[in-house]
Trainee: 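Dropping a structure here in structure tokens format, bear with me for questions.
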Amino acid sequence: MLPVEKFETIRTPFYYYDSCLLRKTIEIIKEDVAKYTNFKVHYAVKANANPKILKIISDSGLGADCVSGGEIEASIKAGFNSENIVYAGVGKSDWEIKLGLDSDIFCFNVESEAELEVINGLASEKNKTARIAFRVNPNVEAHTHANITTGLAENKFGIALQDIDAVIERAKKMSNVKLIGLHFHIGSQILLMDDFKALCKRINELLDKLEKNGTTFENINVGGGLGIDYDNPEASPIPDFKSYFKTYAENLQLRKGQKLHFELGRSVVGQCGSLITRLLYVKQGTSKQFAIVDAGMSDLIRPALYHAHHKIENITSTEPYEKYDVVGPICESSDVFAKGTMLNRCRRGDILAIRSAGAYGEIMASQYNCRQLPKGYITEDL
Ligand SMILES: *Cc1c(COP(=O)(O)O)cnc(C)c1O
């Protein structure tokens, strides 16, 4: 339940995070993963790097999965141990690699041979050994939005299957990198366990093949990607982590002593966040009516960027339902949160909640149109 009366005095738009739900979600993850002694969960910081959210997650003992130097800095500041930090990204710049080396992070997930050379060189300058895993592009399709699949051969991410032997041989000859694992990530907002099963199958085949050449790995990292229920945030506030971990436990043939790492983002923070916005005007169009709100695509870009669907509620009205297009104030036709959605009758000043906005919401906000960045509040702040 959203604390509506407390919202009245806060300047809109803003993000509200139900910290109770976040803590409960993390507890369930820890409970479900505890059955498997060799599983380790990292939080994908890019989903939401609000310092208060990061603090709650780091206090819970999860590791951090970073995709930039800024995220490494934010993670360390929030209290994550550097030995629990992994770092992926196709375009790591020199200062970011140096930061990772100086911080002694657990592992660089390396995405190309060119990057391997640079990491080895920079580590050598510092007389250090970088722990690395190769990010493999498994050419597995995830049944999700085209812009958020990452594991197909045509995507920019990872090293192609046919090139993996050569880079492994190259790494073995280097003196300042230590190959400790393989990394995969096939996409985001994945709800079909069969997609993760397909990844397991591909990894099994690859491990069999590489073992024949004498290469073994201490760590396998399968990335993240578990989706959330955007249609029913109230009915399914916590994703089905049990099935998710079970799918990997049953389908991935881990070798003795091998650790399995996960990098969950959306599924950890998605449902605890809402974008709270005030209704400015109801405008009658020729064939529809628009609910014009004070939040825009600068605050939450997912609908404009991915045609993502977020449930919207008028949390200050109990009047009969009417149909609205919910739109923001930004000078772009794509600044639309929902088309033809049913809301309790809207009047100026009503407060609307755009639900399931905890992941890839606040962190992707911009100042387009010289707007202020939205603030984020957790339950304890109100
Ligand atoms: C984005 C990303 C994740 C997290 O994805 P979710 O869908 O939010 O769980 C994990 N690993 C890597 C490498 C990523 O780029």
Side-chain angles (χ1 to χ4, degrees), residues 22 25-26 29 33 40-50 53-54 57 62-72 75 84-92 96 100 105-112 115 132-138 140 142-152 155-159 181-193 195-196 199 203 219-230 238-241 243-245 247-248 260-273 302 305-306 308 356-364:
L22 175 59
T25 306
I26 298 169
I29 293 175
V33 91
K40 164 109 191 133
V41 178
H42 305 261
Y43 166 64
V45 174
K46 77 170 191 275
N48 189 322
N50 179 301
I53 300 281
L54 281 188
I57 299 172
L62 299 191
D65 160 45
C66 299
V67 291
S68 73
E71 287 190 2
I72 295 175
S75 302
N84 287 328
I85 294 178
V86 295
Y87 174 26
V90 286
K92 300 179 186 75
E96 294 177 303
I105 60 166
F106 175 65
C107 189
F108 291 86
N109 293 326
V110 174
E111 308 216 10
S112 66
E115 181 194 334
I132 62 155
F134 284 121
R135 176 169 180 174
V136 180
N137 184 327
V140 167
H143 295 87
T144 182
H145 190 279
N147 289 3
I148 50 178
T149 68
T150 54
L152 278 174
N155 296 126
K156 69 176 176 180
F157 300 99
I159 295 163
L182 289 178
H183 175 235
F184 306 83
H185 175 68
I186 56 171
S188 202
Q189 185 52 21
I190 298 167
L191 291 165
L192 290 174
M193 291 304 134
D195 289 343
F196 298 119
L199 173 62
I203 297 174
N219 299 281
I220 303 296
N221 182 334
V222 289
L226 178 62
I228 63 171
D229 187 347
Y230 281 98
I238 299 180
D240 187 1
F241 294 107
S243 303
Y244 174 74
F245 293 124
T247 300
Y248 280 101
L260 185 60
H261 300 257
F262 298 87
E263 303 169 335
L264 295 172
R266 186 190 311 271
S267 53
V268 182
V269 292
Q271 293 293 41
C272 76
R302 298 189 67 258
L305 191 60
Y306 310 126
S356 311
Y360 308 106
E362 185 183 357
I363 193 68
M364 291 180 104

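Just so it is clear, the structure is predicted and the values come from calculations on it, not from any experiment. Order of appearance sets the numbers: ligands from 1, and atoms from 1 within every ligand.
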Trainee: Could you list each N/O atom of ligand 1 together with any protein N/O atom closer than 3.5 Å, one pair per line with the distance?
Mentor:
from: ligand 1; atom 1: 7 (O); to: S188; atom 2: OG; distance (Å): 2.3
from: ligand 1; atom 1: 7 (O); to: G225; atom 2: N; distance (Å): 3.4
from: ligand 1; atom 1: 8 (O); to: R266; atom 2: N; distance (Å): 2.8
from: ligand 1; atom 1: 8 (O); to: Y360; atom 2: OH; distance (Å): 2.6
from: ligand 1; atom 1: 9 (O); to: G225; atom 2: N; distance (Å): 2.9
from: ligand 1; atom 1: 9 (O); to: G265; atom 2: N; distance (Å): 3.0
from: ligand 1; atom 1: 11 (N); to: D65; atom 2: OD2; distance (Å): 3.3
from: ligand 1; atom 1: 11 (N); to: E263; atom 2: OE1; distance (Å): 2.6
from: ligand 1; atom 1: 15 (O); to: K46; atom 2: NZ; distance (Å): 2.7

Trainee: Excluding sequence neighbours, so at least two apart, what forms ring pair (Phe, Tyr, Trp, His ring centres under 6.0 Å) with Y248?
Mentor: F196, Y244, F262
Trainee: Yes or no on side-chain contact (heavy atoms from CB on, under 4.5 Å) for D65 and N221, after CA distance, side-chain angles and deciding distance?
Mentor: CA-CA 11 Å; D65 160 45; N221 182 334; over 6 Å; no
Trainee: Mind checking what makes side-chain contact (heavy atoms from CB on, under 4.5 Å) contact with L191, not counting sequence neighbours?
Mentor: Q189
Trainee: Check ring pair (Phe, Tyr, Trp, His ring centres under 6.0 Å) between Y360 and all other residues, then give those that pass, not counting sequence neighbours.
Mentor: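 Partners of Y360 under the ring pair (Phe, Tyr, Trp, His ring centres under 6.0 Å) test: none.
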Trainee: Just to verify, which of K92, H183, K156, R135 counts as forming a side chain to side chain donor-acceptor pair (under 3.5 Å) with E111?
Mentor: R135
Trainee: Checking side-chain contact (heavy atoms from CB on, under 4.5 Å) for the pair H185/N109: CA distance, chi angles, key distance, verdict?
Mentor: CA-CA 11 Å; H185 175 68; N109 293 326; over 6 Å; no
